[in-house]
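For reference, the structure is listed below as structure tokens.
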Amino acid sequence: MKTILLISRCPPYPVHFGDRLIIWHLGRELSRRGYTIDLLALYDREDDTRQIAEYEGFFRHIELVRERRRSGGAYLRRLFVPSARFAAAAEASFCPALWRKIHDYLNRRDYDLAHCFGAVSVYEFHPLFARLPNVITPYESHALYLESAARRGQLSARLRLPIVRRFESFMFRPYDRIVVISAADRAMLEKLQPALSIDVIPNGIELERFAPRHSGRDAATLLFVGNYEYPPNQDAVRLLVEKLLPQVRETLPGARLQLVGVNPPNWMRALRNDHIDVTGPVRDVRPFLARATVFACPLRMGAGLKNKVLEALAMGAPVVATPLSVEGINVQNGESAIVVPVDRFAEETLRLLRDDALRERLSLKGRALIETEYSWERTASSYERLYDEICGLR
């Protein structure tokens, strides 16, 4: 089995952060299959260094390096000076400490492959391991996310979009292979740099842990789950609270909304009343998914594949979602989920709340979809095939 140097923009835990989820599960699955993996990761939370025990069994060596603030001048230099885009020396990089760690590990150990998780924080280390087969997983195209935010009128997104497009046109060019988690992200990166070799490998689900329960669902509870530091989730909450829930309650006065997840800002906490529940962080999201009548996901901004939707489908929760919410997920409208634009979201949510047979069909077909296409075992097998291919080509 292969020995891999894994370089990540973040540690693998806690797994309620989507970018950490895949590293945790891929590390676990590959270690079970006999791979040897050394992990070098940036961190920015005080708890990160105290949580290594949650994943240390998956890796031979683990070292975390404090992420250093990246200056605007450093970005501009990379933007306009091609020779500065990839770090040939420690002090030329965004994070000299991580550059030195990578250099040290490569000098003292033999690896079959180097794999980077992240984009701007890790891409520039490519010269250090260019002799090895290498792959980078930026998860998604940040330009795709900014495009959706710009359409929502966000001035900061409009200003940043040309810069991010420029970065994504050169960041991944030297890598043997690039992996994203949805076809929409691949299309954006190919548009910016047609020469890239890009694979789509979606995230997965723990099928045994996220499994339907038969304890019965509430009569009319809408559920939305997220990390509420993330602007697209905040936008979805405002839409649910200000427009969609009131429209639903005009016809079903007993309908209620549960907003579950970490980091709700003060304005969200202030929404609590007899028909809106803001839980804050919970130890386990599964009981909420098991009781919800409908999982309502009206995202209007974002990119990549939405883990919250995978979890809802796996738990058999009937899903109504905007098209952006299910990008990268092979749902069939009316069979495994209801996919609808925002202007019809309340109408279709009401229809779903009233139709027991439709909810049952969505529940069964949604779970079947996850079992067939979105297990972590399947994700790990896709990465194994990719590793074999790029190592064979070298």
Side-chain angles (χ1 to χ4, degrees), residues 148 181-185 187 200 202-205 207 210-214 216-226 232-233 235-236 239-240 243-252 254-258 286 288-375 378:
S148 67
I181 57 179
S182 85
D185 295 285
V200 176
N203 288 355
I205 282 291
L207 295 179
F210 286 89
R213 302 177 183 180
H214 303 288
R217 295 187 175 274
D218 295 345
T221 296
L222 308 182
L223 174 67
F224 182 72
V225 175
N233 287 336
D235 177 73
L239 183 60
L240 282 164
K243 294 185 178 180
L244 302 178
L245 182 63
Q247 292 178 45
V248 170
R249 282 174 56 83
E250 284 180 6
T251 303
L252 290 178
R256 58 192 295 267
L257 172 66
Q258 281 190 321
R286 290 174 298 169
F288 297 91
L289 291 168
R291 295 293 306 179
T293 323
V294 170
F295 187 85
C297 193
L299 290 170
R300 297 184 288 188
M301 300 186 294
L305 185 147
K306 314 305 181 292
N307 295 308
K308 59 170 70 69
V309 177
L310 292 181
E311 292 173 354
L313 292 167
M315 291 288 295
V319 171
V320 58
T322 53
L324 187 145
S325 301
V326 294
E327 275 188 356
I329 304 175
N330 192 25
V331 297
Q332 291 187 342
N333 187 22
E335 293 295 318
S336 43
I338 299 296
V339 184
V340 64
V342 167
D343 61 357
R344 291 178 47 220
F345 202 95
E347 170 191 341
E348 290 298 299
T349 301
L350 267 172
R351 182 169 74 94
L352 188 53
L353 287 169
R354 291 165 151 177
D355 192 332
D356 295 348
L358 177 57
R359 293 200 306 275
E360 180 66 15
R361 181 169 77 243
L362 296 180
S363 178
L364 294 174
K365 294 289 184 68
R367 172 66 187 186
L369 171 66
I370 297 299
E371 290 178 349
T372 304
E373 300 188 29
Y374 296 98
S375 68
R378 184 184 177 95

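Residue numbers start at 1 and run along the sequence shown. In this text the structure is predicted, and so the values were computed from the model without any measurement.
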Between [atom1] on residue [X] and [atom2] on residue [Y], distance to nearest 0.5 Å:
{"X": "Asn203", "Y": "Ile181", "atom1": "CG", "atom2": "CD1", "result": "4.5 Å"}
{"X": "Cys297", "Y": "Asn233", "atom1": "SG", "atom2": "CG", "result": "7.5 Å"}
{"X": "Tyr374", "Y": "Asn307", "atom1": "OH", "atom2": "CG", "result": "12.0 Å"}
{"X": "Arg256", "Y": "Leu223", "atom1": "CZ", "atom2": "CG", "result": "10.0 Å"}
{"X": "Ile370", "Y": "Leu207", "atom1": "CD1", "atom2": "CG", "result": "8.0 Å"}
{"X": "Thr349", "Y": "Phe295", "atom1": "OG1", "atom2": "CZ", "result": "12.0 Å"}

Could you tell me whether Arg367 and Glu371 have a side-chain N and a carboxylate O separated by less than 4.0 Å?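 Looking at Arg367 and Glu371, the cut-off is met.
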Among pairs that include at least one residue of residues 327-340, which meet salt bridge (charged side-chain N to carboxylate O under 4.0 Å, His left out), considering only residues two or more places apart or in two chains?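 Passing the test, one end in residues 327-340: Glu335-Arg361, Glu335-Lys365.
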For residues 297-323, which residue pairs qualify under salt bridge (charged side-chain N to carboxylate O under 4.0 Å, His left out), counting only residues two or more places apart or in two chains?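 Listed by first then second residue: Asp235-Arg300.
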Test item: [X] and [Y] side chains (from C-beta on) under 4.5 Å apart, heavy atoms:
{"X": "Thr293", "Y": "Thr221", "answer": "yes"}
{"X": "Gln258", "Y": "Leu222", "answer": "no"}
{"X": "Ile329", "Y": "Leu369", "answer": "yes"}
{"X": "Thr322", "Y": "Val340", "answer": "no"}
{"X": "Leu313", "Y": "Val319", "answer": "yes"}
{"X": "Leu257", "Y": "Val248", "answer": "no"}
{"X": "Arg213", "Y": "Arg286", "answer": "yes"}
{"X": "Leu310", "Y": "Phe210", "answer": "no"}

Is there a donor-acceptor contact under 3.5 Å from the side chain of [X] to the main chain of [Y]?
{"X": "Ser363", "Y": "Gly316", "result": "yes"}
{"X": "Thr372", "Y": "Ala368", "result": "yes"}
{"X": "Asp355", "Y": "Leu358", "result": "yes"}
{"X": "Asp218", "Y": "Ala292", "result": "no"}

Minimum-distance pair of heavy atoms, taken over all atoms of Arg354 and Arg359: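 Of all heavy-atom pairs spanning Arg354 and Arg359, the closest is N-NH1, 4.0 Å.
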Before you tell me yes or no, could you show the steps for Leu299 and Phe224 under side-chain contact (heavy atoms from CB on, under 4.5 Å), namely the whole-Å CA-CA distance, both residues' side-chain angles and the distance that decides it to 0.1 Å? CA-CA 10 Å; Leu299 290 170; Phe224 182 72; 4.2 Å; yes
Would you say CD of Glu373 has more than 12 non-hydrogen atoms from neighbouring residues, nucleotides or ligands within 6.0 angstrom?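 Yes, the 6.0 Å shell around CD holds more than 12 heavy atoms from other groups.
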Pair Val326-Val309, side-chain contact (heavy atoms from CB on, under 4.5 Å): steps then yes or no: CA-CA 7 Å; Val326 294; Val309 177; 4.2 Å; yes
